[in-house]
Every structure is written in structure tokens, then in C-alpha cells.
Novice: 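For reference, the structure I am asking about is given below.
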There are 2 protein chains.
Amino acid sequence: MHDPRYAALRALLIAERERAGLTQVDIAGRMGKPQSYVSKYERGERRLDLVEFLDVSKALGADPLATVKKLFERIA
Amino acid sequence: MHDPRYAALRALLIAERERAGLTQVDIAGRMGKPQSYVSKYERGERRLDLVEFLDVSKALGADPLATVKKLFERIA
DNA sequence: GCGGGATATCCCATATCGGGTTATTCTCGA
DNA sequence: TCGAGAATAACCCGATATGGGATATCCCGC
């Protein structure tokens, strides 16, 4: 988890949320999760598996595949 | 974890490995992990986050993005 | 400063992980 | 059909991570 690639992933998720003009509470609400859930994965206190990542991307209003592509281009 | 999408993910990873003609021991070796690691994620006893998925895809000799695309087409 | 909204922290019972070891199951040649 | 190996599953169990409600902080505009 101290693998620098996780930092890139978090940065991307945070950037996507801000670009969408949404708060952690907004995203949490859309996913039926507490705000601490969003806070945690954005700060790397918790990981997201592939399925969760898909759900988060959707909640962010982003294109999941395009988001993954962006990430892989940065860390692959 | 009883979300059916996880089953689709596992099926895909197993199919990719078999298509590549590799064993769990082969993949585990390439990743510097024990065979039980591969056995676990293939049976859903353990989840893979995005970074781990990337590493697994590479070990499988598959194109990570293409693999994600295939998965999202099936479960998104 | 003050009121709120936004985000970070806490707590802690429960669930998951790591990985070496062992048990099962599968494959196939003789 | 039998047995040797290969391949995969299951086990153990201490170490870590997770869930989420509650609370504390931080950050602004006014």
C-alpha cells in the first residue's frame, strides 16, 4: 500500500470528484455509503477492489474505462 | 462479495490464465507470491484491487486495459 | 469572530489477509 | 487400472484491514 501507484490512483479519484464539482458527502450519498468511506479511500486508509472502483467511477459521473485507461497510462 | 460481478471477474482471470496455458504456480512465480495467493483470488476467497489486478494481468501476459474493458462490458 | 459545510479521526467489533504447510484432485503413461 | 506427479484447494492463525456511526477539525465566506 506504500506502492506509489496507489497514490496515483487516489489522486485520480480525487481529481475526478473535484472536476465533477462533487463533495465526499455527495459521492457517499450516491453510493449509499457513509462519508467516511469516501474519505478513507481518498486518503489511502482503505483500498477499492475492481468492482468497487467501477461503482465509484459511476458515482463520479466519469467513464469507468476511460478512468482506468488514464490510470494505467500513468502507472503501468 | 456475493455480488455476481465478482464471479464474472474470477471467470475472466481464470479464462485468461488457461488461454495462456499457465498454471497457478506459474503465475504465482511471476508475481513472487505463493500459489495459494492465486488460488484464493481465483476462488473469490480474496479480492484484487486495481493495482493488483494490473500486476496479475501482466503476469498473465494479457493486455491490462483490454482485460478491464472485457470485464466492464460484462458487468458494467 | 461566527455559522456551516466539508473532510479527517476515532473506536472497536468483525472480517480479511499472508503464506507456509498439508490434503485433494486431476492427468496420463505403462 | 494403478501410481507418480502435477495442479489446485484447504488449513492455520497471527497480523492487518474494514465498516460505519459519532465526533473533532478544518476552511470559508460574511
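Each chain gets a letter, A, B and so on, in the order the sequences are listed, and its residues count up from 1.
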Novice: Would a 4.5 Å heavy-atom cut-off, applied to side chains only, mark B:Leu54 and B:Val51 as touching?
Specialist: no
Novice: Is B:Ser39 reaching over with its side chain to a backbone N or O of B:Gln35, donor-acceptor style, under 3.5 angstrom?
Specialist: no
Novice: Rounded to the Å, how far apart are B:Arg43 CZ and C:dG19 C1'?
Specialist: 13 Å
Novice: Any side-chain heavy-atom pair from A:Asp49 and B:Leu48 closer than 4.5 angstrom?
Specialist: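 The answer is no; the side chains never approach within 4.5 Å.
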Novice: Given atom CZ of A:Arg47 and atom C1' of C:dG18, what is their separation to the nearest angstrom?
Specialist: 12 Å
Novice: Mind checking side chain to side chain donor-acceptor pair (under 3.5 Å) for B:Asp3 and listing every partner two or more places apart, or none if nothing turns up?
Specialist: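 Residues passing side chain to side chain donor-acceptor pair (under 3.5 Å) with B:Asp3: B:Arg5.
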Novice: End-to-end bend of the helix from C:dG1-D:dC30 to C:dA30-D:dT1 (five-pair axes, 10° rounding)?
Specialist: 40°
Novice: Under 4.0 Å from OP1 or OP2 of C:dG18: is there any side-chain N or O of B:Arg46 that close?
Specialist: yes
Novice: Looking at residues 6-42 of chain A, who's got a heavy atom less than 4.0 Å off DNA chain D?
Specialist: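 Per residue number, the list reads A:Pro34, A:Ser36, A:Lys40.
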Novice: What integer distance in Å separates A:Leu48:CG from D:dA17:C1'?
Specialist: 13 Å
Novice: Do you know which two heavy atoms are closest between B:Pro64 and A:Phe72, and how far apart they sit?
Specialist: CB-CE2, 3.6 Å
Novice: Decide yes or no on salt bridge (charged side-chain N to carboxylate O under 4.0 Å, His left out) for A:Glu16 and A:Arg19, but give the supporting numbers first.
Specialist: CA-CA 5 Å; A:Glu16 283 293 322; A:Arg19 185 189 52 62; 2.6 Å; yes
Novice: Whole angstrom is fine here: how far is it from CD in A:Glu45 over to P in D:dG20?
Specialist: 14 Å
Novice: Side chains of B:Tyr6 and B:Arg47: do they bring a donor and an acceptor to under 3.5 Å?
Specialist: yes
Novice: Under the criterion salt bridge (charged side-chain N to carboxylate O under 4.0 Å, His left out), I'd like the reasoning laid out for B:Glu52 against B:Arg46: C-alpha separation, chi angles, the key distance, then a yes or no.
Specialist: CA-CA 11 Å; B:Glu52 294 176 314; B:Arg46 184 193 185 294; 2.7 Å; yes
